[in-house]
Amino acid sequence: MTGHRLGGVLITQAQIAARVRELGEAVARDYGGQDPVLVGVLTGAVVFLADLIRAIAIPVTLDFIGVASYGAGTGSSGVVRLTSDLSVSIEGRHVLIVEDIIDSGRTINYLRRNLLTRRPRSLRLCALLDKAERRDEEVEIDYRGFSIPNHFVVGYGLDFGGLYRNLPYIAILESEPGE
Ligand code: IMP
Ligand code: MG
């Protein structure tokens with residue numbers, strides 16, 4: 001069995017706060033008068049979304065959607081399913097998906113296809129982290145927090161086996177081989 005331990009901090013609390021403020025200002029500027037629906041992807045995006053909405057100085061509606069990608073550990077299997085659905089209709093609405101991280105791109109593309117069948121007026125993506133090196137499928141990210149290198153990261157909502165979501169910064173998870 002391979003063990004893991006918390007490595008160095010990749011993005012500090014102050015860096016996150018500054019970037020979230022900028023993203024919130026950009027969203028408010030672009031969506032003025034449109035009452036967008038912000039769809040947070042459970043569970044990882046919850047911390048980011050909670051901070052982001054307070055940086056958006058226009059009316060927004062909040063909702064959540066749950067997706068799970070089969071297979072635990074640090075890789076995405078690409079087999080995605082819905083685990084909990086929205087509670088509002090997004091037909092004719094401006095929708096902004098809020099996601100923690102885009103890795104292979106499979107989860108977000110599944111979600112995008114799913115939401116598009118409900119005929120939103122527009123559908124855009126805001127992702128805190130972009131691990132572009134790992135991309136298998138092309139993804140258009142309209143609002144990007146940080147581009148990061150190919151490390152498995154935890155904290156600020158992101159987990160490993162359900163843990164570390166409560167860290168106020170983003171850290172690298174290091175594996176300890178040969179244990
Ligand atoms: P994708 O389908 O490969 O793009 O994977 C996206 C999902 O995998 C994210 O929503 C995360 O839940 C999870 N994920 C991908 N990379 C990381 C990481 O570095 N740390 C924690 N979760 C990750
Ligand atoms: Mg996720």
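Computed over heavy atoms, backbone and side chain alike; hydrogens, waters and symmetry mates excluded.
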Acceptor/donor pairs from residues 21-32 side chains to any protein atom, 3.5 angstrom cut, sequence neighbours excluded:
from: Glu22; atom 1: OE1; to: Arg19; atom 2: NH1; distance (Å): 2.6
from: Asp30; atom 1: OD2; to: Tyr143; atom 2: OH; distance (Å): 2.5

Problem set entry | Over 12 foreign heavy atoms within 6.0 Å of CZ, Arg121 |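 Counting other residues, nucleotides and ligands, CZ of Arg121 stays at 12 neighbours or fewer.
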Exercise. Can you tell me if CZ on Arg119 sees more than 12 non-hydrogen neighbours from other groups inside 6.0 Å?
Worked result: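 Counting other residues, nucleotides and ligands, CZ of Arg119 stays at 12 neighbours or fewer.
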For this session: Test side chain to side chain contact (heavy atoms under 4.5 Å, CB included) on Leu128 and Phe146 and set out the steps.
Result: CA-CA 6 Å; Leu128 179 67; Phe146 302 90; 4.3 Å; yes
For residues [X] and [Y], report the shortest heavy-atom separation together with the two atoms involved.
X     : Y     : value
Ile90 : Leu86 : CG2-CD1, 3.7 Å
Asp63 : Ser87 : OD2-N, 2.7 Å
Pro59 : Pro36 : O-CD, 3.6 Å

Exercise. Between His4 and Ser175, is a side chain to side chain contact (heavy atoms under 4.5 Å, CB included) present by the stated rule, with each step listed?
Worked result: CA-CA 4 Å; His4 292 82; Ser175 46; 3.8 Å; yes
First locate atom [atom1] of [X], then atom [atom2] of [Y], and finally report the distance between them rounded to the nearest 0.5 Å.
X      : Y      : atom1 : atom2 : value
Ile11  : Ile148 : CD1   : CD1   : 6.0 Å
Arg106 : Leu111 : CZ    : CG    : 15.5 Å
Ile53  : Phe48  : CD1   : CZ    : 11.5 Å

Seminar exercise, completed: side chain to side chain contact (heavy atoms under 4.5 Å, CB included) test vs Leu167 passes for just one of Leu6, Asp159, Leu158, Val9, namely Leu6
Problem set entry | side chain to side chain contact (heavy atoms under 4.5 Å, CB included) partner of Cys126, the single match among Leu52, Leu38, Ile97, Leu49 |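 Checked Leu52, Leu38, Ile97, Leu49 against Cys126; only one passes side chain to side chain contact (heavy atoms under 4.5 Å, CB included): Leu52.
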Exercise. Can you check side chain to side chain contact (heavy atoms under 4.5 Å, CB included) on Arg112 and Glu140, steps first, answer last?
Worked result: CA-CA 11 Å; Arg112 231 196 243 278; Glu140 193 181 328; 4.1 Å; yes
Residues in side chain to side chain contact (heavy atoms under 4.5 Å, CB included) contact with [X], at least two apart in sequence or another chain:
X      : value
Val47  : Tyr156
Glu174 : Arg5, Ile172
Asp35  : Thr61, Arg93
Asn166 : none

Any donor-acceptor N/O pair, [X] side chain to [Y] backbone, under 3.5 Å:
X      : Y      : answer
Asp142 : Leu125 : yes
Thr83  : Gly66  : yes
Lys131 : Ser147 : no

Beyond-backbone contact of [X] with [Y], side-chain heavy atoms, under 4.5 angstrom:
X      : Y      : value
Ile102 : Leu129 : no
Leu42  : Ser84  : yes
Leu82  : Ile65  : yes
Leu173 : Tyr164 : yes
Ser104 : Arg134 : no
Val41  : Asp100 : no
Glu99  : Ile141 : no

Exercise. Who pairs with Arg144 by salt bridge (charged side-chain N to carboxylate O under 4.0 Å, His left out), at least two apart in sequence or on another chain?
Worked result: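 Listed in chain order: Asp130.
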For this session: May I have the step-by-step check of side chain to side chain contact (heavy atoms under 4.5 Å, CB included) for Val153 and Ile101, ending in yes or no?
Result: CA-CA 10 Å; Val153 293; Ile101 185 166; 4.1 Å; yes
For this session: Would you check if there is a donor-acceptor pair between the side chains of Ser122 and His94 at a distance under 3.5 Å?
Result: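 Short answer, yes.
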